There are 2 protein chains.
Amino acid sequence: MTIGNKTDRRILRTKDAINRAFLEVFSEKEFDRITINDISERANVNRGTIYLHYMDKYDLLNRCINVHLDEMISSCTLTKFTQENVEKNEAIEALKSLFIYIQKNFLFFSSMLSSQKTSLFRERIQKTLTSSIQEKINMQGINQGMDKELIIQFTANAFVGILEWWILNRMPYTAEHMAEQVWTLIERNNINS
Amino acid sequence: MTIGNKTDRRILRTKDAINRAFLEVFSEKEFDRITINDISERANVNRGTIYLHYMDKYDLLNRCINVHLDEMISSCTLTKFTQENVEKNEAIEALKSLFIYIQKNFLFFSSMLSSQKTSLFRERIQKTLTSSIQEKINMQGINQGMDKELIIQFTANAFVGILEWWILNRMPYTAEHMAEQVWTLIERNNINS
DNA sequence: ATGTTATTCAACACTGTGTTGTTTAAAATG
DNA sequence: CATTTTAAACAACACAGTGTTGAATAACAT
C-alpha cells in the first residue's frame, strides 16, 4: 500500500515472460496477425493471465515501446544534444552514443521496425528529435528568410529516416561513421549553434 | 475474353461503392478495427460480395493505395523532376504540381495518413523519391567525400516527412510556397544538378 | 425475350476475444 | 514453521468477426 512495497515475484516473472514472448512473436509476425494466444503460448502463460496485466495487445505494444524508448532517451547522451552551445566534438559524441545504444539493443529496434506497425514507434522518436532541433536551430545565415517549422520538420524527418535506414539495413556503418556523417548533414542546415 | 470487353456495370458499381465506403470508414477508424461488415454496410453491399472482389481487407487497402499513387505519379509533373538538367524554375514548377495534386485529392491523402497504417503508403512514396534523388544527386562540391547512400536516404526521408507534415497539418502553406522552400532545402544538399 | 452472371441471402465451421468462478500453488508475513 | 494472501491456471461462457458454400434472385448484355 505504501512506498517500499515490493511487487510479488510472480508478477515480475510473468510480466517479463510476456514481454519477451511478445517481442519474439512481434519480430516474426505482423502485429495485426498476432493473437493473444500466440503470446501466451510463447510465454508459457495462461491466455487469461495476459489480461491480468494488459488490456489488450495494443496496450502491450504501447507499454513495451514506452519502456524501451524512455530508457534510450535517458541512457544515451542525447540529453547533452539538447543543451546549449555544444562543441562539434561533443555533438558528434552524443550522436555516437545514440547509435551505440541502438547497436546494443539491436534486436528490439529491428523487430520494432521489421513489423508494419512502425508508425507508433517512429512517432515517438520523431517527437523527441523535433523538440531537440527546435531549440538548436539557428535562423540566421543560410536559414534567413526561410520557414522555421519547415526546416525543423525537414531535418527531424531526415534524422529519423536515417536511423530507420541504418537499423533496417543491419547497421552497415559504424556508429562513429554514422555520427560524423549525420552531424555534417544536419550542420548544413544550421542546426548546431 | 478479348480486348473491347466491357465489364459488367454491376461490377463497376459495386467496386466503386466498396472503394468509396472503404475510404470513408478508413478516415474514421483505425485500419485494424475496421471489419468487412463496416465496409459492406457503408457500401450497401452484401458482406459476401466484398469477398467476390477482394481477398481480404489488406488486399483492399493495397489496391486502393496502388490505384491512387499510380495516378499521382503519372499525372503530376513529378516525371519531369526525374529528367536531367532541370532548370530551377522548372524544378519548382514540378514540385508545385505535386503539392497541387495532393491539394486536389486531399481527402484521400489525409485519410491515408490519419490512420495508423501509414507505413505502406509512406513506403510507396518514398521508394519513388529515392530513385528520383539517386539520379539527381551531385557528389561534387559540398558532397565530396560524403556517403552517397546516406545523403539519398537523408533527403528522401526529409522530403516524404515534409509532405506528410503538410497534409496532416491541413496544408498551412500554399503549394507554391512549399515548392520554393522544399527546393531550397533540397538544393542545399546538392541534389539538383 | 432469353441466356448469363453478379449479387443476395442464410447457414456453416472456425478462430479469436474478453470475462468469470473455481481451484491450485507460490509468495509474503509474523 | 504455519498461516494468510494472492497470482496464476483452468475451464467454460457469450460474443464478434472471418471466409466459404449452395440456392434463389435480379440486373445485365445480347
Side-chain angles (χ1 to χ4, degrees), chain A residues 1-65 67 115-117 120, chain B residues 1-65 67 115-117 120:
Chain A
M1 210 59 76
T2 48
I3 306 166
N5 231 358
K6 280 177 189 171
T7 39
D8 198 310
R9 280 182 181 175
R10 285 170 294 182
I11 294 181
L12 296 175
R13 252 194 291 111
T14 50
K15 272 202 162 189
D16 192 59
I18 291 172
N19 266 290
R20 283 177 195 282
F22 174 61
L23 280 183
E24 268 184 51
V25 180
F26 191 69
S27 68
E28 298 164 8
K29 251 187 188 177
E30 235 186 284
F31 181 73
D32 300 352
R33 315 277 192 186
I34 294 177
T35 69
I36 299 290
N37 207 41
D38 290 338
I39 302 166
S40 65
E41 279 203 5
R42 188 71 64 103
N44 281 317
V45 149
N46 188 271
R47 188 170 64 88
T49 307
I50 293 183
Y51 291 107
L52 247 47
H53 299 285
Y54 303 95
M55 282 181 51
D56 50 27
K57 65 174 181 171
Y58 300 95
D59 186 38
L60 182 48
L61 173 65
N62 261 315
R63 296 214 224 158
C64 197
I65 289 179
V67 166
S115 204
Q116 247 55 11
K117 197 75 183 185
L120 246 171
Chain B
M1 208 61 75
T2 47
I3 307 165
N5 229 358
K6 281 177 190 172
T7 39
D8 197 310
R9 281 182 181 176
R10 285 171 293 183
I11 294 182
L12 296 176
R13 252 194 290 110
T14 50
K15 272 201 163 189
D16 192 58
I18 290 171
N19 267 290
R20 283 178 195 282
F22 174 62
L23 281 182
E24 268 185 51
V25 179
F26 192 69
S27 68
E28 297 163 10
K29 252 188 185 178
E30 235 185 283
F31 181 74
D32 299 351
R33 316 279 191 184
I34 293 177
T35 68
I36 299 289
N37 207 42
D38 290 339
I39 303 165
S40 65
E41 280 204 2
R42 188 71 65 100
N44 281 317
V45 149
N46 188 270
R47 189 169 63 87
T49 307
I50 293 183
Y51 292 106
L52 246 46
H53 298 284
Y54 303 96
M55 282 181 53
D56 49 28
K57 63 174 180 171
Y58 300 96
D59 186 38
L60 182 47
L61 173 64
N62 260 316
R63 295 214 225 157
C64 197
I65 289 179
V67 166
S115 203
Q116 247 55 13
K117 197 76 182 185
L120 246 172

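Values reported hereafter were calculated over all heavy atoms of this structure, with side chains retained and with hydrogens, waters and symmetry mates removed. Note that this is a predicted model, so its numbers are computed, not measured. Here is how names work: the chains are called A, B, and so on, in the same order as the sequence lines, proteins then strands, and each is numbered from 1.
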Send over the distance from [X] [atom1] to [N] [atom2], rounded to a whole Å.
X	N	atom1	atom2	value
I50(A)	dT19(C)	CD1	P	13 Å
Y51(A)	dC15(D)	OH	C1'	13 Å
D56(A)	dA16(D)	CG	C1'	15 Å
R9(A)	dT6(D)	CZ	C1'	16 Å
I11(B)	dT8(C)	CD1	P	12 Å
L52(A)	dT6(D)	CG	P	14 Å
D32(B)	dG17(D)	CG	C1'	14 Å
D59(A)	dG18(C)	CG	C1'	14 Å

Is any side-chain heavy atom of R33(A) closer than 4.5 Å to one of Y58(B)? yes

Compare all side-chain heavy atoms of S40(A) with those of T49(A) and state whether any distance is below 4.5 angstrom. no

Out of dC28(D), dT19(C), dA7(D), minimum distance to the side chain of D8(A) belongs to dA7(D)

Which nucleotide in the set dT7(C), dT8(C), dC10(D) lies at the smallest distance from any side-chain heavy atom of N46(B)? dT8(C)

Presence of [X] side-chain N/O under 4.0 Å of [N] phosphate oxygens OP1/OP2:
X	N	result
R13(B)	dA27(D)	no
T49(A)	dA9(D)	yes
H53(B)	dT7(C)	yes

Shortest non-hydrogen contact between F26(B) and I34(B), atoms and distance: CA-CD1, 3.7 Å

I'd like to know if R10(A) reaches the base of dA26(C) with its side chain such that a donor and an acceptor end up less than 3.5 angstrom apart. yes

Where the side chain of K29(B) meets the backbone of T35(B), is there a donor-acceptor pair that is under 3.5 Å apart? no

Quick one about Y54(B) and N19(B) (side-chain donor to acceptor, distance below 3.5 Å, no hydrogens or angles considered), yes or no? yes

Tabulate protein N/O versus nucleotide N/O from nucleotides 11-16 of chain C, keeping only pairs under 3.5 Å, one per line.
none

Between R42(B) and D38(B), does the salt bridge (Lys or Arg N to Asp or Glu O under 4.0 Å) criterion hold? Intermediate values first, please. CA-CA 6 Å; R42(B) 188 71 65 100; D38(B) 290 339; over 6 Å; no

